[in-house]
Novice: 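Would you mind keeping the following structure in view while I ask a few things?
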Amino acid sequence: MRAMILAAGRGERMRPLTDHTPKPLLTVAGKPMIQYHIEALAAAGVREIVINLAWLGQQIRAALGDGSQFGVRIHYSDEGDAALETGGGVFKALPLLAGPSGTDPFVVVSGDVWTQYPLGDVMKRLAAGDMAHFVLVPNPDFHARGDFGLAGDRLTDSGERYTYANIGVMRPEFFAASAPGKFPLAPLMFDWIRQNRVSGELYRGVWHNVGTPQQLQRIDQDASAQRRSRL
């Protein structure tokens, strides 16, 4: 299975840190956030990873290279000066993600989330007949209203809502009605959810959508302390 790490965003709330460094290259315990995802995917057996680029994308390309240092092959989907948002970014990268048959499912994870969710697990969650499987988390303070409901293992657009963790696995057909350009992922998610074609799970472990320099500092301190305790 292939995977895509979303890394093209500007990271406005992380300024001034992101004025000169792309958000996925900001470090936690001395390591770029995006590297944790690459290593987790490699450990799960993923060997082909796509990373989309826009803001300061050349820094990401220079830092990660072809992926050989991590035991993977990295492909880059360059979106130019303006990022295509989540939906448009994945759609543009489909030729790199869907495999020789054009129908292979693939993992998608945002490069700016910090989590201990086992990315190898999500690869196993997509059932026959479903278009996608997405991971949800309890609502953080900054997103108290949540995104989607969950009834058993089915995502819904009603009931108690949880927050999309920016981790999932989907089929290329998820984008069958899409066209090239800039667009978000959420409307497509709701379309397939209303057709009962999307499964989900609630993850209660460590997960942060790193949004401010102060939050990054706290995560870095915690992760550094944990790392020292293991030495």
Novice: Working note: Y164 + F134, criterion ring-ring contact (aromatic ring centres under 6.0 Å, His included); need CA distance, chi angles, decisive distance, verdict.
Specialist: CA-CA 7 Å; Y164 174 45; F134 295 116; 5.3 Å; yes
Novice: Supply the atom-to-atom distance T212 OG1 to F142 CZ, rounded to the nearest 0.5 angstrom.
Specialist: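 Taking OG1 in T212 and CZ in F142, the distance rounds to 9.5 Å.
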Novice: Which heavy atom of P213 sits nearest to which heavy atom of L17, and what is that distance?
Specialist: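 Here P213 and L17 meet closest at CB-CD1, 3.8 Å.
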Novice: Do you know the tightest heavy-atom contact between L155 and L136?
Specialist: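 For L155 versus L136, the nearest heavy atoms are CD1-CD1, 4.3 Å.
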Novice: In Å, rounded to the nearest 0.5 Å, how long is the span from CG of L96 to OG of S77?
Specialist: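 Atom-to-atom, L96:CG and S77:OG are 6.0 Å apart.
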Novice: Check whether T27 reaches the backbone of P32 with its side chain - one donor and one acceptor, N or O, closer than 3.5 Å.
Specialist: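 No.
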Novice: N209 and Q215: which non-hydrogen atoms are nearest, and at how many Å?
Specialist: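 Shortest heavy-atom contact: O-OE1, 3.1 Å.
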Novice: Do you reckon Y162 sits in the same ILVMFWY cluster as Y203, going by side-chain contacts under 4.5 Å, direct or chained?
Specialist: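 No, no single cluster joins them.
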Novice: Measure from the side-chain N and O atoms of W207 to the backbone N and O of P138, and report whether any donor-acceptor pair falls under 3.5 Å.
Specialist: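 Pair absent, no side-chain N/O of W207 close to backbone of P138.
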Novice: Would M123 and L119 satisfy side-chain contact (heavy atoms from CB on, under 4.5 Å), going step by step from the backbone distance to the final call?
Specialist: CA-CA 7 Å; M123 299 163 55; L119 294 178; over 6 Å; no
Novice: Is it true that the side chains of S199 and D153 contain a donor and an acceptor less than 3.5 Å apart?
Specialist: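 The criterion, which ignores hydrogens and geometry beyond distance, is not satisfied for D153 and S199.
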Novice: V135 and side chain to side chain contact (heavy atoms under 4.5 Å, CB included): which single residue from I167, V109, T163 fits?
Specialist: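 Only match with V135 under side chain to side chain contact (heavy atoms under 4.5 Å, CB included): I167.
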Novice: When you compare the side chains of N196 and R154, does any donor N or O come within less than 3.5 Å of an acceptor on the partner?
Specialist: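 Result is yes, a qualifying pair exists.
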Novice: Which pair of heavy atoms, one from A82 and one from A54, lies closest together, and at what distance?
Specialist: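 What the structure gives for the nearest pair is C-CB, 4.4 Å.
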Novice: Roughly how far, to the nearest 0.5 Å, is CD1 of I38 from CD of Q69?
Specialist: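 The CD1 atom of I38 is 8.0 Å from CD of Q69, to the nearest 0.5 Å.
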Novice: With clusters defined by side-chain heavy atoms of hydrophobic residues (ILVMFWY) lying less than 4.5 Å apart, directly or transitively, does L64 cluster with I49?
Specialist: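 Yes, because I49 and L64 connect within a single hydrophobic cluster, where side-chain heavy atoms sit under 4.5 Å apart.
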Novice: One thing to verify: whether K31 and E39 come together as a salt bridge, which I'm taking to mean a side-chain N less than 4.0 angstrom from a carboxylate O.
Specialist: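 So E39 pairs with K31 through a salt bridge.
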Novice: Counting only N and O atoms by type, is there a donor-acceptor contact under 3.5 Å from the side chain of E160 to the main-chain atoms of L150?
Specialist: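 Side chain of E160 to backbone of L150, a donor-acceptor pair under 3.5 Å: no, none is there.
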Novice: If you define the side chain from C-beta out and look only at heavy atoms, does anything of P172 sit under 4.5 Å from F106?
Specialist: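 Result yes, sub-4.5 Å side-chain heavy-atom pair found.
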Novice: Is it true that F91 and L84 fall in one hydrophobic cluster, defined by side-chain heavy atoms closer than 4.5 Å?
Specialist: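 Different clusters: F91 never reaches L84 through Ile, Leu, Val, Met, Phe, Trp or Tyr contacts under 4.5 Å.
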Novice: Answer yes if the side chains of E201 and Y117 hold a donor-acceptor pair under 3.5 Å, and no otherwise.
Specialist: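 Side-chain D/A pair, E201 to Y117: present.
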Novice: Measuring from atom CG of L94 to atom CD of E173, what distance do you get when rounded to the nearest 0.5 angstrom?
Specialist: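 L94 CG to E173 CD: 10.0 Å, rounded to 0.5 Å.
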Novice: Hey, could you give me the CE/CG distance between M1 and D104, rounded to the nearest 0.5 Å?
Specialist: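 Spacing of CE (M1) from CG (D104) equals 8.0 Å.
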Novice: Hey, does the side chain of N139 reach the backbone of R161 with a donor-acceptor pair shorter than 3.5 angstrom?
Specialist: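 Side chain of N139 to backbone of R161: a pair is present.
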Novice: Look only at the side chain of S110 and the backbone of V113, and say whether a donor-acceptor pair between them is shorter than 3.5 Å.
Specialist: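 Side chain of S110 to backbone of V113: no pair is present.
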Novice: Parallel, tilted or perpendicular, judged at 30° and 60°: which one describes the rings of F190 and F148?
Specialist: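 Tilted.
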Novice: If two hydrophobic side chains count as joined below 4.5 Å and joins carry through other members, does L126 share a cluster with V198?
Specialist: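 L126 does not cluster with V198.
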Novice: To check you understand the geometry: which heavy-atom pair defines the closest contact between F70 and A42, and what is its length?
Specialist: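 Shortest heavy-atom separation between F70 and A42 comes out as O-CB, 3.7 Å.
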Novice: Within the structure provided, determine whether V206 and T115 are in side-chain contact (heavy-atom separation under 4.5 Å).
Specialist: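 The answer is no, as the side chains (C-beta and beyond) never meet within the 4.5 Å cut-off.
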Novice: What I'd like to find out is whether the side chain of W114 reaches to under 4.5 Å of the side chain of V28, using heavy atoms alone.
Specialist: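 Of all side-chain heavy-atom pairs linking V28 with W114, at least one is under 4.5 Å.
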Novice: Report yes or no: does E48 contribute a side-chain atom to a donor-acceptor pair with the main-chain N or O of R2 at less than 3.5 Å?
Specialist: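 Checking the backbone N and O of R2 against the side chain of E48, no donor-acceptor pair under 3.5 Å is found.
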Novice: Give, for atom CD1 of I74 and atom CD1 of I34, the distance between the pair rounded to the nearest 0.5 Å.
Specialist: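 It comes to 7.5 Å.
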Novice: Could you check F183 against E85 for side-chain contact (heavy atoms from CB on, under 4.5 Å), going step by step and ending with a plain yes or no?
Specialist: CA-CA 6 Å; F183 62 90; E85 296 192 40; 6.0 Å; no
Novice: Dump the intermediate steps for salt bridge (charged side-chain N to carboxylate O under 4.0 Å, His left out) on R197 and D130, then the final yes or no.
Specialist: CA-CA 5 Å; R197 301 287 297 278; D130 281 345; 5.1 Å; no
Novice: Membership question, hydrophobic clusters at under 4.5 Å side-chain separation (ILVMFWY): are M4 and L41 in the same one?
Specialist: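 In one cluster with L41: M4, no.
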Novice: Looking at V210, is its backbone amide N or carbonyl O close enough to the side chain of K23 to form a donor-acceptor pair, meaning the two atoms are under 3.5 Å apart?
Specialist: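 Present.
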Novice: Would you find a donor on one side and an acceptor on the other, under 3.5 Å apart, between the side chain of Y76 and the backbone of G65?
Specialist: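 Between the backbone of G65 and the side chain of Y76 there is a qualifying donor-acceptor contact (under 3.5 Å).
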Novice: Given R73 and D66, is the salt bridge (charged side-chain N to carboxylate O under 4.0 Å, His left out) satisfied, shown in steps?
Specialist: CA-CA 6 Å; R73 182 181 179 189; D66 63 2; over 6 Å; no
Novice: Tell me, do P105 and M170 make a side-chain contact under 4.5 Å, heavy atoms counted?
Specialist: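 Contact flag for P105/M170 side chains = no.
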Novice: Are the side chains of V46 and V72 in contact, using a 4.5 Å heavy-atom criterion?
Specialist: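 Answer no - side chains too far apart.
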Novice: Is there side-chain contact between F174 and V90, with heavy atoms separated by less than 4.5 Å?
Specialist: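 They are not in contact (no side-chain heavy atoms under 4.5 Å apart), so the answer is no.
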Novice: What I'd like to find out is whether the side chain of K92 reaches to under 4.5 Å of the side chain of E79, using heavy atoms alone.
Specialist: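 Touching, per the 4.5 Å side-chain cut-off.
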Novice: Is any side-chain heavy atom of I51 closer than 4.5 Å to a side-chain heavy atom of I60?
Specialist: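 In contact.
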